[in-house]
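Report on one structure; see the data block that follows.
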Amino acid sequence: MQTAVGVLAIDAVDVVSSVSSVEASAAGYSSVADLMSFVDSREGSLYRIRLRYLGEDPRVALRSDVDVRRLKAKGLTESLETGYRLSPRGEAVLRSTTADR
């Protein structure tokens, strides 16, 4: 089984007093009775939480920016609000490496 990585939104959190067989199954129980036997042995309320997938985890993109971070550490790039650009030093290095070709 592959684990999905992403960002979730919590759309609703409701206290519930009854559960359908579909809801019990979605919660990983074989029946409402199985779910209720688990819940009845605990203190507190039973909640139904409605989640929605918003998109991919933005931290995944950060993991792929290793090369950019290395360039930044050498002073060759500058961070923008979104993305990066070559620093004046980076432009000079690029000019010197392309002039050799």
Check your understanding: Which pair of non-hydrogen atoms, one from V15 and one from Y47, has the smallest distance, and what is that distance?
Key -> CG2-CE2, 3.4 Å

Review point. Is it true that Y53 and I49 fall in one hydrophobic cluster, defined by side-chain heavy atoms closer than 4.5 Å?
Key: yes

Practice item. Report yes or no: do V39 and V19 belong to one cluster of Ile/Leu/Val/Met/Phe/Trp/Tyr joined by side chain heavy-atom distances under 4.5 Å? Key: yes

Practice item. Give a yes or no answer on whether the side chain of R89 reaches the backbone of K74 with a donor-acceptor pair at less than 3.5 Å. Key: yes

Check your understanding: Would you say the side chain of L8 lies within less than 4.5 Å of the side chain of L54, judging by non-hydrogen atoms?
Key -> no

Review point. Given the rule that I, L, V, M, F, W and Y join up when any side-chain heavy atoms are under 4.5 Å apart, are L86 and L80 in one cluster?
Key: no

**Study point:** Residue pair K72 / S87, side-chain heavy-atom distance below 4.5 Å
**Key:** no

Review point. In the hydrophobic clustering that connects Ile, Leu, Val, Met, Phe, Trp and Tyr at side-chain heavy-atom distances below 4.5 Å, which members other than V22 occupy its cluster, ordered by chain and number?
Key: none

Exercise for review: Answer yes or no: are there more than 12 heavy-atom neighbours, outside E56 itself, under 6.0 Å from its atom CD?
Suggested key: no

Review point. Is there a path from Y84 to L76 through hydrophobic residues (I, L, V, M, F, W, Y) whose side chains come within less than 4.5 Å of each other?
Key: no

Review point. How would you list, by chain and number, every residue that makes a salt bridge (Lys or Arg N to Asp or Glu O under 4.0 Å) with R52, sequence neighbours excluded?
Key: D11

Check your understanding: Between atom CZ of R48 and atom OG of S17, what is the distance when rounded to the nearest 0.5 Å?
Key -> 8.5 Å

Revision key, fill the gap. OG (S41) and CE (M36) are apart, to the nearest 0.5 Å, by 10.5 Å

Side-chain donor-acceptor pairs under 3.5 Å in residues 27-35, sequence neighbours left out?
unit_1 : atom_1 : unit_2 : atom_2 : d
S30    : OG     : D34    : OD2    : 2.2
S31    : OG     : A33    : N      : 3.4
S31    : OG     : D34    : N      : 3.1

Check your understanding: Between E23 and S18, which heavy-atom pair has the shortest distance, and what is it?
Key -> OE1-O, 4.3 Å

